Amino acid sequence: MPKRLTKSFFGRSVLAVAPDLIGATLLVNGVGGRLVEVEAYHHTEPAAHSFRGLTPRNAVMFGPPGFVYVYRSYGIHWCLNFVCEPAGSASAVLIRAIEPTEGLATMRRRRGVTEERLLCSGPGRLCQALGVTSKHNGLALDAPPFELWARQGAVEVVAGPRIGLTKAADLPWRYGEKGSRFLSKPFAG
DNA sequence: TGCCCGATTAACT
DNA sequence: GTTAATCGGGCAA
């Protein structure tokens, strides 16, 4: 049987947690699937929301690991993050793409598209498909409506530069499942 | 206070 | 390939 990921899983280096999340299963109210693409963010690099210090928006990032940080992107979309490392480190993993496995009909209704590959392939898309909004900001990952299960068996993880950044764009902190057709963008090489 | 811009997406040409 | 939608943070004035 699969194992639930608890807060101790997240209380490690964000660069260790991020690749370990590939292949894990995330459900929100029973809707979701396998994580196939994530990105790491650390307060010491300027692309992170926490880089300039604590604000009302990023406060959850400065709290303990294993909690959810949700922010509004471009005034339109929601983006889902998992807080990592000991409290105060202000690091997090952005969830960028999911392979849908549970609640496909609900996702299609929320997204307004039928093609499976377009349901969760992107940070904004997966939040819409899973019904994630600001009301989830600050909630614990090991309690309802969230369920997070460790991956079973081996997963081949690849890394590359993060997407959509103008700062610290060279850091190879994007991780994904090799060859997955549900990535928001393929990995080079 | 005002202005610029972003961890995006979809609908254009 | 380009652009609009839309809003809060950061910084200049």
Side-chain angles (χ1 to χ4, degrees), chain A residues 10 13-22 24 26 28 33 35-63 65 67-85 89-100 107-139 141 157-177 180-188:
Chain A
F10 292 98
S13 160
V14 69
L15 294 182
V17 173
D20 283 354
L21 281 170
I22 302 301
L26 170 70
V28 181
L35 306 184
V36 295
E37 182 185 344
V38 304
E39 283 177 358
Y41 287 86
H42 196 267
H43 78 277
T44 53
E45 43 95 12
H49 287 174
S50 52
F51 178 67
R52 289 164 197 84
L54 182 102
T55 69
R57 176 175 71 153
N58 66 23
V60 175
M61 281 186 80
F62 288 82
F67 286 80
V68 169
Y69 167 49
V70 179
Y71 69 92
R72 183 80 100 159
S73 174
Y74 288 86
I76 304 169
H77 310 288
W78 299 108
C79 289
L80 172 66
N81 297 254
F82 298 164
V83 177
C84 296
E85 306 199 359
S89 174
S91 66
V93 174
L94 169 70
I95 310 304
R96 288 195 55 92
I98 291 175
E99 175 182 338
M107 294 193 211
R108 288 193 169 98
R109 173 171 49 77
R110 288 171 174 160
R111 290 275 298 121
V113 299
T114 56
E115 202 181 327
E116 196 172 324
R117 203 186 59 78
L118 296 179
L119 292 178
C120 299
S121 59
R125 289 168 174 172
L126 75 87
C127 282
Q128 187 181 22
L130 271 58
V132 172
T133 68
S134 61
K135 77 181 183 200
H136 297 100
N137 190 44
L139 296 184
L141 271 169
V157 178
V158 290
R162 295 175 294 184
I163 291 182
L165 303 188
T166 57
K167 299 164 192 163
D170 53 317
L171 296 176
W173 287 4
R174 174 180 178 237
Y175 303 90
E177 180 175 18
S180 170
R181 56 187 269 263
F182 297 97
L183 299 174
S184 69
K185 204 178 165 186
F187 283 80

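Given the structure is predicted, the values throughout are model-derived calculations rather than measurements. A note on names: the letters A, B, ... follow the listed sequences, proteins ahead of strands, and every chain is numbered from 1.
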Keeping A:R162 on the side-chain end and A:A40 on the backbone end, is there a donor-acceptor pair under 3.5 Å? yes

Now, which nucleotide makes the Watson-Crick or G-U wobble pair with C:dA12, with each of the two distances under 3.5 Å? B:dT1

5'-most contact on DNA chain B (nearest-nucleotide basis), A:S50 vs A:V113, goes to A:S50

Taking the side chain as every heavy atom from C-beta outward, state whether A:F187 and A:R174 have any pair of such atoms under 4.5 Å apart. yes

In this structure, how many angstroms lie between the C1' atom of B:dT9 and the CZ atom of A:R110, rounded? 19 Å

Which base, if any, makes a Watson-Crick or G-U wobble pair with B:dA7, both distances under 3.5 Å? none

Let me know the distance between CZ of A:R52 and P of C:dC11, rounded to the nearest Å. 6 Å

In whole Å, I'd like the distance from the CD atom of A:E45 to the P atom of B:dG6. 15 Å

Taking only side-chain nitrogens and oxygens of A:R72, does any of them come within less than 4.0 Å of OP1 or OP2 of B:dA7? no

B:dG6 versus C:dT2 - spacing of their P atoms, nearest Å: 16 Å

Pick the C1' atom in C:dG8 and in B:dA10, then give their distance to the nearest Å. 22 Å

Report yes if the ring of A:Y41 lies under 5.5 Å from the six-membered base ring of B:dA7 with planes under 30°, and no otherwise. yes

Classify the nucleic acid contact of A:N81 as base, sugar-phosphate or nothing, counting any heavy atom under 4.0 Å across all strands shown. base

Does any N or O in the side chain of A:H43 come within less than 3.5 Å of the main-chain N or O of A:S91, such that one atom is a donor and the other an acceptor? no

A:L165, nearest nucleotide to its side chain (from B:dA7, C:dG9, B:dT8): B:dA7

Just how far, in rounded Å, is C1' of C:dC11 from CZ of A:F51? 15 Å

Is the phosphate of B:dA10, meaning OP1 or OP2, less than 4.0 Å from a side-chain N or O of A:R111? yes

Test side chain to side chain contact (heavy atoms under 4.5 Å, CB included) applied to A:Y69 and A:V93, A:L139, A:L94, A:V83, the passing residue: A:V83

Specify the separation, in whole Å, of atom CG of A:L80 and atom P of B:dT8. 14 Å

Looking at A:T166, does any N or O in its side chain come under 4.0 Å of the phosphate oxygens OP1/OP2 on B:dG6? yes

With the side chain defined as heavy atoms from C-beta on, A:Y74 is closest, among B:dA10, B:dA7, B:dG6, to B:dG6

Kindly point out which of B:dA10, C:dG9, B:dT8 is positioned nearest to the side chain of A:T55? C:dG9

Could you tell me whether the side chain of A:E37 reaches within less than 4.5 Å of the side chain of A:F182, counting heavy atoms only? no

In whole angstroms, how far is the P atom of B:dT9 from the NZ atom of A:K185? 12 Å

A:F82 CZ - B:dA7 C1' separation (whole Å): 15 Å

Nearest-angstrom distance from the residue atom NE2 of A:H77 to C1' of C:dA4: 11 Å

Looking at A:N81 and A:A92, would you say the former's side chain and the latter's main chain have a donor-acceptor pair under 3.5 Å? no

